[in-house]
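Below is one structure, written out as structure tokens, with a few remarks after it.
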Number of protein chains: 2
Amino acid sequence: MFIFNIGIFSIFAILATIVYCVQKTQTKNIMSPDYDLTQYQNPLFTVDSVLFTILQDSLKVLLVKRANAPFKGRWGLPGGFVDVELDDNTDMSALRKIKEKTSVAPQYLEQLQAFSGINRDPRGFSVTLVYYALISPQQVATQIDSVDDVRWVDLSEIPDLAVAFDHKHIIEKAKARLQQKALYSMIPVYCLPDQFTIGQLKTAIEAIIAKPIQRKSLVRRIEASNMFEALDEKVKSGGRLAQLYKLKPDVDIVHFERNLSLG
Amino acid sequence: MFIFNIGIFSIFAILATIVYCVQKTQTKNIMSPDYDLTQYQNPLFTVDSVLFTILQDSLKVLLVKRANAPFKGRWGLPGGFVDVELDDNTDMSALRKIKEKTSVAPQYLEQLQAFSGINRDPRGFSVTLVYYALISPQQVATQIDSVDDVRWVDLSEIPDLAVAFDHKHIIEKAKARLQQKALYSMIPVYCLPDQFTIGQLKTAIEAIIAKPIQRKSLVRRIEASNMFEALDEKVKSGGRLAQLYKLKPDVDIVHFERNLSLG
DNA sequence: CCTTATTTGTGTCTTAGGGACATTATTAAG
DNA sequence: CTTAATAATGTCCCTAAGACACAAATAAGG
């Protein structure tokens, strides 16, 4: 009876102890095959995106009303944590978050840069890897209009808006990169529907770089880049009918050797 | 006796169980002030750097022999985990790691991009934020020569070398970015000592972009950029004495509107 | 001291491609 | 048929890089 008691309870006790110890060492083993990773406090890591479009001839950015702390209720960039189950890499994390908010994939997606620091998140050292993306407004129109926690915000409104984290700064950086890139590439087409006129492209570029450009220069680049093909279709424009163009399938984005001038 | 037995062992058992449970819930509480962060497995996050220099008129990259698994013994980029105690942000992590290997700070440091994926590290989903940096070989010469786990590797050797992780791919990306930037800026000066000749700069640029350039074009850019000042000192060069230049203090790096041609 | 090889520094013409702007072509409205 | 509006194109200008010749300065060798 005594033996039995020792047996039954000690087994229980030992089992519990074993579970605890296994749990501990497992954690240690997973985290430290050779290093002791536990000494490093892995930073908070998120992926955010600055999604741009052209609406009413001006540049807009997609903001989302935050549902959770920190900065609950404020506007911020769409993004969040990586889901290791769903995302093969951070590109897919960015894409997944954008799809959650717009229900479609953007035509253009590129890494901007990481922003990090000890103070940018109240929870501690954090890193956010930021992407910027371009999409045509038509693709998302219905989706956006039906919800009130997602909004296209004009870039001129940003300075006066209360924005979560350092997202205001991030948006400025993304805008600067987009502006620079608009000077030597055709990426602004990704803000347009897949059939577009030269006039629309000119307007989009001017909205992005906030300077007028020469239509002739644009035409020359369309020729030289060989990225586009003219459709046998024209469209009304308030004057002479405008030629429709579209991107050739599977073209690479050409980088011109000269920038458009910033006057 | 029976009671006693129940008492002593069950207390033991219950204690162990309590310890285990407290451990579990504590972990949960720390991680979830508002979200449930535990549902997200935070990815492994590291910071690595591609440090370039010009040595024997050709472009070299600094590699470090890995002291730990994974890829123990292989050459890899200098880098590692963020130390939240020491680093205010990831720039400082990169700088700290470079200093550990070279004992000096590079003249130029810039974020390249993040590389991520489920397969790039055997330990699981990982993200590495990569910086690239330029330094003059004189600054590090003595330090490097005295150790055998740090080495300047010529870029032509990289394809045939066994390199840890996806670092080979990362080096190629960094090289491409450096080449691109050499076409429209003067960053190659950061591979030179702070006093240098036009001939040295020409050689450095040609080593980076792997194409000859026109000396005259370089002279024009030196004039136009207004970044440099001529010292009242000349130096031997195998022919006519060469004018020494240095960067003016606190200048911004000028971005030219046109690229040098790639022939 | 003179010649030659070598590298630096400069002058100048060519070339590529964007800027400016005039002119023509189309379309809708009145 | 006229007018306003936009599209499309032609032409000249301007800037900065490419190409290349040539002069200047230095070291080595005779």
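Residue numbers begin at 1 in each chain, while the letters A, B, ... track the order of the sequences.
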Could you grab the distance from atom CZ of A:Arg221 to atom CD1 of A:Ile205, nearest 0.5 Å is fine?
->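 So the CZ of A:Arg221 and the CD1 of A:Ile205 are separated by 8.0 Å.
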
Distance (rounded to the nearest 0.5 Å) between B:Tyr108 OH and B:Ile135 CD1 =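 Atom-to-atom, B:Tyr108:OH and B:Ile135:CD1 are 14.5 Å apart.
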
Between [X] ([atom1]) and [N] ([atom2]), how many Å, whole number?
| X | N | atom1 | atom2 | answer |
| --- | --- | --- | --- | --- |
| B:Tyr184 | D:dA17 | OH | C1' | 18 Å |
| B:Ile205 | D:dA17 | CD1 | C1' | 13 Å |
| A:Phe256 | D:dA17 | CZ | C1' | 19 Å |
| B:Glu223 | C:dT10 | CD | C1' | 11 Å |
| B:Phe196 | C:dT8 | CZ | C1' | 15 Å |
| A:Asp57 | D:dT6 | CG | P | 11 Å |
| A:Lys202 | D:dA8 | NZ | P | 13 Å |
| A:Leu218 | C:dA20 | CG | P | 15 Å |

C:dG9 phosphate, OP1 or OP2, under 4.0 Å from B:Arg215 side-chain N/O |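 B:Arg215 to C:dG9 OP1/OP2: side-chain N or O found under 4.0 Å.
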
Could you run through nucleotides 18-30 of chain D and give me one letter per nucleotide, 5' to 3': B if any protein heavy atom sits under 4.0 Å from the base, S if only the sugar-phosphate is that close, - if neither?
-> BBB---BBB----

Would you mind classifying the nucleic acid contact of A:Glu257 as base, sugar-phosphate or nothing, using non-hydrogen atoms under 4.0 angstrom?
->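 Since no nucleic acid heavy atom lies under 4.0 Å of A:Glu257, the category is nothing.
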
With side chains defined as the heavy atoms from C-beta onward, is the minimum distance between B:Lys175 and B:Tyr132 less than 4.5 Å?
->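 A side-chain contact under 4.5 Å is absent here.
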
Pi-cation contact, B:Trp75 with B:Arg66 (under 6.0 Å, within 45°) =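 Verdict for B:Trp75: no cation-pi partner in B:Arg66.
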
Any side chain to side chain donor-acceptor pair (under 3.5 Å) involving residues 189-206 of chain A? Give me the pairs, sequence neighbours left out, ordered by first then second residue.
->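 Only A:Lys202-A:Glu206 qualify under side chain to side chain donor-acceptor pair (under 3.5 Å).
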
Ignoring hydrogens and angles, are the base of D:dA17 and the side chain of B:Arg258 linked by a donor-acceptor pair under 3.5 Å?
->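 Such a pair does not exist between side chain and base.
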
Any donor-acceptor pair under 3.5 Å linking the side chain of A:Asn259 with the backbone of A:Ser261?
->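 Checking the backbone N and O of A:Ser261 against the side chain of A:Asn259, no donor-acceptor pair under 3.5 Å is found.
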
Keeping the roles fixed (side chain from B:Gln111, backbone from A:Ala114), state whether a donor-acceptor pair exists under 3.5 Å.
->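 Judged by distance alone, yes, a pair lies under 3.5 Å.
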
